[in-house]
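The structure under discussion appears below in the form of structure tokens.
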2 protein chains.
Amino acid sequence: MGKAYNIMAATCPSRTVLHRIGARWTVFIVNALDNRPMRFTELKAHIRGITPKALTETLRAMEYDGLISRTEIPANPPHVEYALTDLGRSLLAPLRAVREWAESHVPDIERARAQADAQR
Amino acid sequence: MGKAYNIMAATCPSRTVLHRIGARWTVFIVNALDNRPMRFTELKAHIRGITPKALTETLRAMEYDGLISRTEIPANPPHVEYALTDLGRSLLAPLRAVREWAESHVPDIERARAQADAQR
DNA sequence: CGGGACGGTATAGATTGTATACTGGTATCT
DNA sequence: AGATACCAGTATACAATCTATACCGTCCCG
């Protein structure tokens with residue numbers, strides 16, 4: 001089998017996949033849905049600073065790619081639940097690693113930035 | 001120590017860090033510099049489809065954040081070498097995981113997209 | 001019927017990314 | 001010496017994406 005796809009090739013479909021993963025809010029949504037499904041408004045409250053437009057668009061794109069499922073629940077009151085699919089869940093491990101790297105290396109990067117600023 | 005930073009908070013500095021990691025071309029550059037330092041033109045050839053402007057800007061930003069180093073080599077012919085710093089190298093593991101996920105899940109995502117298209 | 005929660009849209013402006021062309025310096029070929 | 005080519009980028013114009021802010025229709029509760 002080996003590697004059938006290579007992200008470095010411009011025409012490679014893995015590019016479009018990486019493009020989606022790298023989109024502004026995907027990491028946040030995958031991390032937010034880690035434990036349990038959430039509703040639109042819940043997600044909006046949980047991911048501070050996201051606008052409804054950005055949330056809608058990212059959710060639609062992720063649904064199109066089969067990463068999350070969108071279920072309208074006709075109960076009373078009716079609401080919509082977003083959940084990770086199996087495919088989306090498989091993204092959890094890599095993206096959690098990225099999140100943890102970010103959270104743990106803030107001081108290093110702030111130091112580098114301060115040093116770069118001082119340099120000039 | 002625990003988690004001092006939480007990406008879900010809008011004001012958290014880890015946001016800006018994640019923003020940089022998630023930028024369009026960062027993943028490609030980190031993966032490209034995995035084995036050895038490279039020059040500007042080498043990177044441009046290796047990462048198919050990147051424009052010189054995008055490459056310059058991403059490299060500058062990553063240098064500012066202390067992820068890569070830029071060294072002008074006054075030898076003959078003079079050239080510029082970009083290399084991962086220790087900090088940048090620590091990003092390799094998480095980003096390689098993301099790359100591998102992308103490369104190995106192309107068929108799943110293409111299937112999901114085809115199915116979504118057919119649905120309508 | 002008034003008001004609020006839910007799940008979004010609409011619109012406009014700012015930021016970011018892309019395509020394409022070009023530059024200035026050095027080295028090599030002839 | 002002149003032409004050509006490589007290197008490391010800039011410049012310019014245009015397109016796509018992201019953000020802020022406001023608004024909408026439906027349903028339920030009182």
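These figures come from a predicted structure and were not determined experimentally.
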B:Leu84 side chain reached by B:Leu67 side chain, heavy atoms, under 4.5 Å: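 In short, these two side chains do not touch, never coming nearer than 4.5 Å.
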
OP1, OP2 of C:dG8 versus side-chain N and O of A:Tyr82: anything below 4.0 Å?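 It does, given that an N or O in the side chain of A:Tyr82 lies less than 4.0 Å from OP1 or OP2 of C:dG8.
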
Could you tell me whether a side-chain N or O of A:Trp101 sits under 3.5 Å from a main-chain N or O of B:Ser90, the two making a donor and an acceptor?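 Here the side-chain-to-backbone pair exists.
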
Nearest of [options] to any side-chain atom of [X]?
{"X": "B:Arg60", "options": "D:dT21, D:dG9, C:dG7", "result": "D:dG9"}
{"X": "A:Pro52", "options": "D:dA22, C:dC6, D:dG9", "result": "D:dA22"}
{"X": "B:Val80", "options": "C:dT9, C:dG7, D:dA8", "result": "D:dA8"}

Whole angstrom is fine here: how far is it from [atom1] in [X] over to [atom2] in [N]?
{"X": "B:Ile73", "N": "C:dT26", "atom1": "CD1", "atom2": "P", "result": "17 Å"}
{"X": "B:Leu55", "N": "C:dG17", "atom1": "CG", "atom2": "P", "result": "13 Å"}
{"X": "B:Leu59", "N": "D:dA8", "atom1": "CG", "atom2": "P", "result": "11 Å"}
{"X": "A:Glu81", "N": "C:dC6", "atom1": "CD", "atom2": "C1'", "result": "14 Å"}

Anything under 30° is parallel, anything over 60° is perpendicular, the rest tilted; go ahead and classify B:Phe28 against B:Trp25.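 Tilted.
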
Side-chain donor-acceptor pair under 3.5 Å between A:Ser104 and A:Arg99, yes or no? no

Within the sub-3.5 Å range, which N or O atoms of nucleotides 17-19 of chain D have a protein N or O partner, and how far apart are they?
unit_1: D:dT19; atom_1: OP2; unit_2: A:Trp25; atom_2: NE1; d: 3.1
unit_1: D:dT19; atom_1: O4; unit_2: A:Lys53; atom_2: NZ; d: 3.0

[atom2] on [Y] to [atom1] on [X], rounded to 0.5 Å:
{"X": "A:Ile68", "Y": "A:Thr26", "atom1": "CD1", "atom2": "OG1", "result": "9.5 Å"}
{"X": "A:Leu91", "Y": "A:Asp86", "atom1": "CG", "atom2": "CG", "result": "12.5 Å"}
{"X": "B:Met8", "Y": "A:Asn31", "atom1": "CE", "atom2": "CG", "result": "5.0 Å"}

When the side chains of residues 35-46 of chain A are checked against the rest of the protein, which donor-acceptor pairs come out under 3.5 Å, sequence neighbours left out?
unit_1: A:Arg36; atom_1: NH1; unit_2: A:Glu42; atom_2: OE2; d: 2.9
unit_1: A:Glu42; atom_1: OE1; unit_2: A:Arg39; atom_2: N; d: 2.9

Within the sub-3.5 Å range, which N or O atoms of nucleotides 27-30 of chain D have a protein N or O partner, and how far apart are they?
unit_1: D:dC28; atom_1: OP1; unit_2: A:Asn76; atom_2: OD1; d: 3.2
unit_1: D:dC28; atom_1: OP1; unit_2: A:Asn76; atom_2: ND2; d: 3.0

Using a cut-off of strictly less than 4.0 Å between a heavy atom of the residue and any atom of DNA chain C, enumerate the qualifying residues of residues 38-47 of chain A by number.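 Close to the strand are A:Arg39, A:Phe40, A:Thr41.
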
Please walk me through it: do A:Arg48 and B:Thr11 pass side-chain contact (heavy atoms from CB on, under 4.5 Å)? CA-CA 8 Å; A:Arg48 304 306 186 77; B:Thr11 57; over 6 Å; no

Side chains of residues 49-63 of chain B: which donor-acceptor partners sit under 3.5 Å, not counting sequence neighbours?
unit_1: B:Thr51; atom_1: OG1; unit_2: B:Ala54; atom_2: N; d: 3.3
unit_1: B:Thr56; atom_1: OG1; unit_2: B:Pro52; atom_2: O; d: 2.8
unit_1: B:Thr58; atom_1: OG1; unit_2: B:Ala54; atom_2: O; d: 2.7

The criterion is salt bridge (charged side-chain N to carboxylate O under 4.0 Å, His left out); which residues satisfy it with B:Arg15, sequence neighbours excluded?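 None.
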
